[in-house]
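One structure is given below, encoded as structure tokens.
Because only heavy atoms are used, hydrogens play no part in the values below, and waters and symmetry mates are left out as well, while side chains stay in. Chain identifiers are assigned alphabetically (A, B, ...) following the order of the sequence lines, protein sequences preceding nucleic acid strands; residue numbering begins at 1 within each chain.
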Number of protein chains: 2
Amino acid sequence: MTVNSRTPIAAPEGAGRRRASTIRDVAQAAGVSTATVSKFLNGGQRFTREVEERVAQAVRDLGYSSNPMARGMITGRTGNVGIVVLDVRNPHFTSLIRGASRPAAEAELNLLFADIAEGLAPELPTLQALSRRVDGLIVSARLSDEARAWLGASDMPVVYYGGPPAQQDCSSVGIDNRAAAAMLGRHLRELGHRRLRYVGFSGARWSQERWLGLQQAFEGSGAELHRHDVNEASADEGERIASEVLLSADAPDAVVAYNDLIALGLLGQAQALGLAVPHDVSIAGFDNIVYGRYTSPALTTVDSGSEQTGERAMRRLIARIGGDPAARSGHELIAARVIVRGSTLGRPAVSRGEGRTR
Amino acid sequence: MTVNSRTPIAAPEGAGRRRASTIRDVAQAAGVSTATVSKFLNGGQRFTREVEERVAQAVRDLGYSSNPMARGMITGRTGNVGIVVLDVRNPHFTSLIRGASRPAAEAELNLLFADIAEGLAPELPTLQALSRRVDGLIVSARLSDEARAWLGASDMPVVYYGGPPAQQDCSSVGIDNRAAAAMLGRHLRELGHRRLRYVGFSGARWSQERWLGLQQAFEGSGAELHRHDVNEASADEGERIASEVLLSADAPDAVVAYNDLIALGLLGQAQALGLAVPHDVSIAGFDNIVYGRYTSPALTTVDSGSEQTGERAMRRLIARIGGDPAARSGHELIAARVIVRGSTLGRPAVSRGEGRTR
DNA sequence: TTGTAAGCGTTATCAG
DNA sequence: CTGATAACGCTTACAA
């Protein structure tokens, strides 16, 4: 039945890898031209009932599906979108991926994933390799200047997540880190905290924003704010720095971490060091990773809308790929909110009379 | 400089998307043929110093990198490998991905990722779509029979993770679930537990294996073993079923969950219900997700070598893609080990004198 | 409504 | 050593 008229240059007939059937096989089986098959399959173009039936039948019989590479060569579309995260093991990023997955699947786009955590893969080369295989990219606004510059110069559709990348005309999705930190700061201020530590991660641009927000919340309160810094936004690092943060001469009554992973490490170690949380010290983080619910006390945090961020970013990217000019730039703000749990508690009133709403 | 001699059929000269430079541009700029450029770039073939220099220069000047789709069309390689997980948000799977990432990056393979969690994407269609875009696949041995059958019939290189898929000649990597559960069971038996509950997840084939291992460990101990089942291997489900498991008439003195997520939910809810863990009841899970360290008490679990599994699976797949016949089938066993933490504790000796090693 | 044929950017074959 | 040139499987003018 399915005989190729062209002499196949290397057709392992009986043995070996059976060649997947091509559009030509279908055309031949249906007794039509390849153009007809292609149009029937792609464009909504109609044909005589008989032709349509024969083609459909042939497609079914041969289990035909088009070769994405061949198709991509001429359409210029790969059918893939890339998503670059800074650490797959951070639940914040997995939620982001989860959020991006659904709209991608709906648009029949495949997810080409890359993790550029510490020693895993160099940022720029990874990006460059990816960009040849995707129609668009969702990347962290925390990418290096070098990487962002390169992306800006290319004409690859890109959506940044995490916040608006510094001074650049592009498309982005994320929370207002400063405002979010200020919200958390106000919560702590209302609780009566006055000796604060911020355990930042200067590897992340938002760390500075969050620090500023925190300071802002305590302006005029007479509170002391100190700052630490870890080398990696991980629980291990939170553990490592815990004693330095918690046991110093002027011990803090509240500690805010750059993210929940660090906070988790601090929380665990605080208890190991004999401190009662939140009685001796309040601890809070950022991102609202689900595991913050399972510590005791449960972790107070700021929900940064990880999953929603992923979803919005993907929708934006899809619009952008589709040529929607509105999606070319602009920041889409995701609403953050403080999630108060057991790890933060009021101090025995030090100086009252400063009722702040919320 | 870079002028095309062929009349470009649709070359948006000044405005619009600038066309990425092709091998033809390079050849022209270097004054050689495309074949020469290709051989210089791919095969280790040598040329006169002059030619090599001119080509290298042209490549640099034009920032040329080959079009993966065009290349793929003729080599038959996509340069991608697919990895299919059952839920990105489960740290077990993210560790698996992390483990697979490094060898993939080393082999310059991109990771095409798919999450087939509950309502996200239908299994078989996802697999079929993926398989046209990858050179090989790493998938869960928990895929449906239908999906596994389809994969078996295709000639796609596949490595299964999680354990050997039922009755099939294929390549796989994972722990021995029965033996691992038996190890955990022996730990609990030695602690003196005699009223056990297993919270399984019948959606996973290993759940049954683990149940059998548990039973095996308690053979002849006179212990009572009961079994529950959740609809999803998640912390939420663990919480939901907690009261049913923990508050029944003959309350258990130890509960083993199918995985750590369920265990986390059980642990949290147990405490909410006023039970002291491990004093009133011991709780243990599977997978050794990192967040089990941050609960209090910390969670006893079985390390299933998630990251190592991912790494070994990827190495196997790469070998398999490279045509290594040894990698075509066979199971690679990953060693599991019990991680004893605070959530399991000995009962006040009920019936002693059964010293079991380890 | 259908078919013909020209490419898309590579690599591989085979001459020179 | 180097260069023509024929594929790879598909879409899309352009014809019929």
message: Can you build the contact string for nucleotides 11-16 of chain D? Use B for base contact, S for sugar-phosphate-only contact, and - for no protein heavy atom under 4.0 Å.
response: BBB---
Proximal nucleotide (of C/dC8, D/dC1, C/dT2) relative to the A/Met73 side chain: C/dC8
- prompt: In terms of side-chain heavy atoms, does B/Ser33 have a donor or acceptor partner in B/Thr36 at a distance below 3.5 Å?
  reply: yes
Nearest-angstrom distance from the residue atom CD of B/Glu53 to P of D/dT2: 12 Å
message: Applying salt bridge (charged side-chain N to carboxylate O under 4.0 Å, His left out) as the test, list every pair that has at least one member in residues 54-64 of chain A; sequence neighbours left out.
response: A/Glu50-A/Arg54
query: Is the side chain of B/Glu123 donor-acceptor paired with the backbone N or O of B/Ser144 at a distance under 3.5 Å, no angle test?
result: yes
task: Spell out, as yes or no, whether a donor-acceptor pair under 3.5 Å connects the side chain of B/Ser38 to the backbone of B/Thr34.
output: no
message: Whether B/Ser33 contacts D/dG3 is assessed here as follows: a side-chain N or O lying under 4.0 Å from the phosphate OP1 or OP2. Is that the case?
response: yes
message: Both A/Phe47 and B/Met69 contact DNA chain C. Taking the nearest nucleotide for each, which residue is further toward the 5' end?
response: A/Phe47
- request: Take the protein atom CG of B/Asn67 and the nucleotide atom C1' of D/dC10, then report the distance between them rounded to whole Å.
  value: 14 Å
task: Could you check how far CZ of B/Arg133 sits from P of D/dC10, rounded to whole Å?
output: 13 Å
message: My understanding is that only residues two or more places apart in sequence, or in another chain, count here; which of them pass side-chain hydrogen bond (donor to acceptor under 3.5 Å, both in side chains) with A/Ser171?
response: A/Arg316
query: Can you tell me how far P of D/dC10 sits from CZ of A/Arg24, to the nearest Å?
result: 8 Å
- request: Specify the separation, in whole Å, of atom CZ of A/Phe40 and atom P of C/dT2.
  value: 11 Å
- prompt: Among B/Val81, B/Leu130, B/Asp135, whose side-chain contact (heavy atoms from CB on, under 4.5 Å) with B/Leu112 holds?
  reply: B/Leu130
